[in-house]
Amino acid sequence: MLYVHNNLTRQKEPFQPIDPRNVRMYVCGMTVYDYCHIGHARVLVVFDVIYRYLRKLYGEGHVTYIRNITDIDDKIIARANSNRESFLDLTERFIDAMHEDADLLGVLRPNQEPRATVYMAEIIAMIEALVVRGHAYAAGNGDVYYDVSSFADYGRLSGKQLDDLRAGARVEVDEAKTDPLDFVLWKSAKPEEPSWDSPWGKGRPGWHIECSAMSTHCLGNHFDIHGGGLDLQFPHHENEIAQSCGASGEAFVNVWLHNGFVRVDDEKMSKSLGNFFTIREVLEKYAPEVVRYFILTSHYRSPLNYSDKHLDNAKSALTTLYTALRGFDASTHEVDNEFNNRFNTAMQDDFNTPEAIAVLFDLAKEINRQRDTDAAQAGQLAAQLRQLAGQLGLLQDDPQAFLQGKSQAGSGGLSDAEVDELIRQRNQARADKNWAESDRLRDALKAQGIILEDNAGKTSWRRA
RNA sequence: GGCGGGAUAGCAAAAUGGUUAUGCAGCGGUUUGCAAAACCGCGUAUGCCGGUUCAAUUCCGGCUCCCGCCUCCA
């Protein structure tokens with residue numbers, strides 16, 4: 001039985017899909033005006049693992065995963081203007097970049113990636129429904145606002161009271177709104193801005209309505225899981241609930257999952273603080289799988305501190321796992337044993353990836369213990385290790401390719417052929433019992449970041 | 001100010017009312033020409049103060065500190 005921590009109830013509860021033949025999950029994706037940073041990488045990887053695990057539990061064809069793309073908003077318009085390009089050119093570029101980054105991190109593509117700009121009809125229809133049902137009103141200036149007081153449950157997801165929110169000093173005053181807490185559904189266009197026709201004149205959607213329109217259009221009014229970063233809990237997801245329930249009169253989402261932040265020096269990594277590292281920057285120094293492993297070493301709801309030291313640690317750990325797999329064929333095999341049970345128990349406990357990874361290390365140790373005494377058994381366990389790790393999107397590379405892969409810090413270094421030649425010379429020296437020369441060559445290789453291992457009469461190597 | 005999350009060994013990170021987390025780093029041993037890798041062994045961690053209990057890191061209360069949301073943000 002899968003248990004998940006539902007942020008709506010703030011409790012861990014058994015996951016019961018509305019329809020086990022079609023488990024439906026929507027995750028708020030990127031606003032595409034810049035490259036993705038490590039915080040985005042965390043959302044991508046965390047929900048990728050959740051998607052993979054749901055597919056394992058319910059079957060590959062029985063999970064629908066939607067991750068939207070916000071391709072029109074204030075920041076996109078501003079960035080396109082300052083770049084002197086059309087917003088469509090801008091967003092197309094960063095959508096491509098996002099796909100490159102996600103693919104490198106081993107993130108499976110969602111079933112659909114709806115974009116706000118191609119859902120205008122659905123967005124407008126939803127706003128009209130909200131007006132008809134008394135949840136929204138057109139202001140004199142061409143904007144349409146959601147009337148927060150019309151929705152009794154407002155604040156339930158984020159645990160906020162309307163009065164507390166009103167008491168907060170940070171609510172901006174806007175003449176057009178009846179209540180400062182009301183939020184915009186449709187923004188009238190300023191001159192020169194991208195705009196779409198609507199019953200209220202030319203304009204564009206507010207930020208929250210697109211997700212309500214796209215999620216319910218793709219998954220139905222009532223679906224299983226809605227996810228995103230913790231910072232979206234309020235106001236974004238709170239507003240989505242108000243919109244979706246207000247427009248349909250039905251229940252919206254059963255389970256809300258929010259991942260914790262990536263931090264730098266104990267501060268949230270964010271665009272506004274400017275303390276972010278883009279995925280592609282980090283991938284210049286570390287293999288994508290190292291980044292993925294690093295993300296999964298902490299529980300998805302916990303904060304995750306980013307630093308080179310932690311990435312170095314992740315690389316060493318992954319090296320240990322791949323070293324255990326070295327020499328075995330690349331098969332995967334599901335075995336019903338204690339390792340399997342422990343792994344699945346961990347994953348079913350709100351996707352406890354740190355504990356699941358601990359099982360991988362215990363398995364690696366067992367493989368190493370048995371490799372010389374019972375090669376067949378060790379090979380079976382290696383296949384199991386690869387199979388379990390595969391559920392996390394890890395250890396699917398060829399061990400040698402990983403271990404000998406481009407070193408971090410982009411050191412120019414020696415080519416594989418040059419390494420092989422130096423190893424050949426060293427092995428000649430060893431055959432001649434010329435230890436001084438043999439050690440000199442090994443030290444020379446080490447200075448180039450190449451580490452040698454003499455095993456069972458064969459010399460293997462890896463890049464540090 | 002309102003609401004919420006957190007403090008675990010050198011670092012990172014799970015779990016648990018009494019019994020080994022795990023990884024990285026470190027130390028000793030086996031192995032090796034020497035190393036590396038691997039294996040074996042080694043740390044007697046749970047912010048502070050009370051309470052409940054036969055027993056608390058784990059439950060309850062208080063305190064200190066950190067972080068997040070309340071404004072765009074994954």
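Each chain gets a letter, A, B and so on, in the order the sequences are listed, and its residues count up from 1.
A:G227 comes within contact range of no nucleotide atom at all, as no heavy-atom separation falls under 4.0 Å. When heavy atoms are screened at a 4.0 angstrom cut-off, A:R42 is found touching no nucleic acid atom at all. Note on A:L452: a base of the nucleic acid sits closer than 4.0 angstrom, heavy atoms only. Using a 4.0 Å heavy-atom cutoff across all strands shown, A:H236 reaches no nucleic acid atom at all. Residue contacts shown for A:G228 are limited to sugar-phosphate atoms, with no base heavy atom under 4.0 Å away.
Between A:R463 and A:D416, at least one side-chain nitrogen of the basic residue sits less than 4.0 Å from a carboxylate oxygen of the acidic one, meeting the salt-bridge criterion. Residues A:E238 and A:R156 are not paired through a salt bridge, judged by the lack of any N-O separation under 4.0 Å between the basic side chain and the carboxylate.
Evaluation of the side-chain hydrogen bond (donor to acceptor under 3.5 Å, both in side chains) test over residues 27-43 of chain A, restricted to residues two or more places apart or in two chains, returns A:R42-A:S298.
To the nearest whole angstrom, the two P atoms, one in B:A21 and one in B:G17, are 15 Å apart. Using P as the reference atom, B:G50 and B:A55 are 16 Å apart when rounded to the nearest Å. Taking atom C1' in both B:G68 and B:C73, one finds a spacing of 13 Å when rounded to whole Å. With C1' as the reference atom, B:A74 and B:A15 are 28 Å apart, rounded to whole Å. When the P atom is used for both B:U58 and B:U19, the distance is 14 Å, rounded to whole Å. Comparing the P positions of B:C40 and B:G33 gives an interatomic distance of 22 Å, to the nearest angstrom. For B:U46 and B:A56, the C1' atoms lie 11 Å apart once the distance is rounded to whole Å. Between the C1' atoms of B:A13 and B:A35, the separation comes to 32 Å (whole Å).
In RNA chain B, the stems built from three or more successive Watson-Crick or G-U pairs (distances below 3.5 Å) are B:1-7 with B:64-70, B:10-12 with B:22-24, B:26-30 with B:38-42, B:47-51 with B:59-63.
Residues of residues 384-400 of chain A that place a heavy atom closer than 4.0 Å to RNA chain B do not occur. Residues from residues 263-277 of chain A that place a heavy atom under 4.0 Å from any atom of RNA chain B, listed by number: A:R263, A:D266, A:K268, A:M269, A:S270, A:S272.
When atom types are taken as modelled, the side chain of A:Y286 and the backbone of A:D308 share a donor-acceptor pair closer than 3.5 angstrom. Side chain of A:S244 to backbone of A:I241: no donor-acceptor contact under 3.5 angstrom is found.
Note: NE2 (A:H258) to P (B:C73) measures 13 Å, nearest angstrom. Atom NZ in A:K160 sits about 10 Å away from atom P in B:C3, given to the nearest Å. What separates CZ of A:F294 from C1' of B:C11 is a distance of 13 Å, to the nearest Å. Distance A:I295 CD1 to B:A74 C1': 11 Å, rounded to the nearest Å. Going from atom CG of A:D163 over to atom P of B:G1 covers 19 Å, rounded to whole Å. Summarising the geometry, the separation between CG on A:L162 and P on B:C3 is reported as 15 Å, rounded to the nearest angstrom. Regarding A:Y35, its OH atom lies at a distance of 17 Å from the P atom of B:A74, rounded to whole Å. Rounded to an integer number of Å, the gap from NE2 of A:H208 to C1' of B:C73 is 12 Å.
Ranking B:A12, B:A74, B:C73 by closeness to the A:W207 side chain, first place goes to B:C73. When distances run from any side-chain atom of A:V43 to the nucleotides B:A36, B:A14, B:A74, the shortest one goes to B:A74. Among the nucleotides B:C70, B:A74, B:A38, the one closest to any side-chain atom of A:N259 is B:A74.
Listed by chain and number, the residues in a salt bridge (Lys or Arg N to Asp or Glu O under 4.0 Å) with A:E418 amount to none (sequence neighbours excluded). With sequence neighbours excluded, the residues forming a side-chain contact (heavy atoms from CB on, under 4.5 Å) with A:H310 are A:F294, A:N305, A:S307, listed by chain and number. A:H237 meets the ring-ring contact (aromatic ring centres under 6.0 Å, His included) test with A:H226, A:W256, A:H258; sequence neighbours excluded. Shown here are the side chain to side chain donor-acceptor pair (under 3.5 Å) partners of A:N254, two or more places apart in sequence or in another chain: A:H222. Listed by chain and number, the residues in a side chain to side chain donor-acceptor pair (under 3.5 Å) with A:R10 amount to none (sequence neighbours excluded).
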Pairs under 3.5 angstrom, nitrogen or oxygen only, protein versus nucleotides 18-25 of chain B, please.
{"residue": "B:G23", "atom": "N2", "partner": "A:N313", "partner atom": "ND2", "Å": "3.0"}
{"residue": "B:C24", "atom": "OP1", "partner": "A:T320", "partner atom": "OG1", "Å": "2.6"}
{"residue": "B:C24", "atom": "O4'", "partner": "A:N313", "partner atom": "OD1", "Å": "3.1"}

Are any protein N/O atoms closer than 3.5 Å to N/O atoms in nucleotides 30-33 of chain B? If there are, list each pair with its distance.
{"residue": "B:G33", "atom": "O6", "partner": "A:R430", "partner atom": "NE", "Å": "3.4"}
{"residue": "B:G33", "atom": "O6", "partner": "A:S438", "partner atom": "OG", "Å": "3.2"}
{"residue": "B:G33", "atom": "N1", "partner": "A:D439", "partner atom": "OD1", "Å": "3.0"}
{"residue": "B:G33", "atom": "N2", "partner": "A:D439", "partner atom": "OD1", "Å": "3.4"}
{"residue": "B:G33", "atom": "N2", "partner": "A:D439", "partner atom": "OD2", "Å": "2.7"}

Can you tabulate the close N/O pairs, meaning under 3.5 Å, that link protein atoms to atoms of nucleotides 6-8 of chain B?
none

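Within a 6.0 Å sphere centred on NZ of A:K446, heavy atoms belonging to other residues, nucleotides or ligands number 12 at most. Annotation for A:E85: atom CD counts as buried by contact number, over 12 foreign heavy atoms lying within 6.0 Å.
The phosphate of B:A15 has OP1 or OP2 within less than 4.0 Å of a side-chain N or O from A:N352. Note on A:S302: a side-chain N or O is less than 4.0 Å away from OP1 or OP2 of B:A14.
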Begin from the C-alpha positions of A:Y119 and A:N68 and carry the test side-chain hydrogen bond (donor to acceptor under 3.5 Å, both in side chains) through to its verdict.
CA-CA 11 Å; A:Y119 275 80; A:N68 77 291; over 6 Å; no

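Both the sub-6.0 Å distance and the 45° axial angle are satisfied by A:K160 relative to the ring of A:F234.
Shown are A:D397, A:D101, A:D48; of these, the salt bridge (charged side-chain N to carboxylate O under 4.0 Å, His left out) with A:R292 is made only by A:D48.
Classified by interplanar angle (parallel below 30°, tilted 30° to 60°, perpendicular above 60°), the ring pair A:H236/A:H208 is tilted.
Nucleotides of RNA chain B nearest to A:Q161 and A:H310 differ in position, and the one nearer the 5' end is that of A:Q161.
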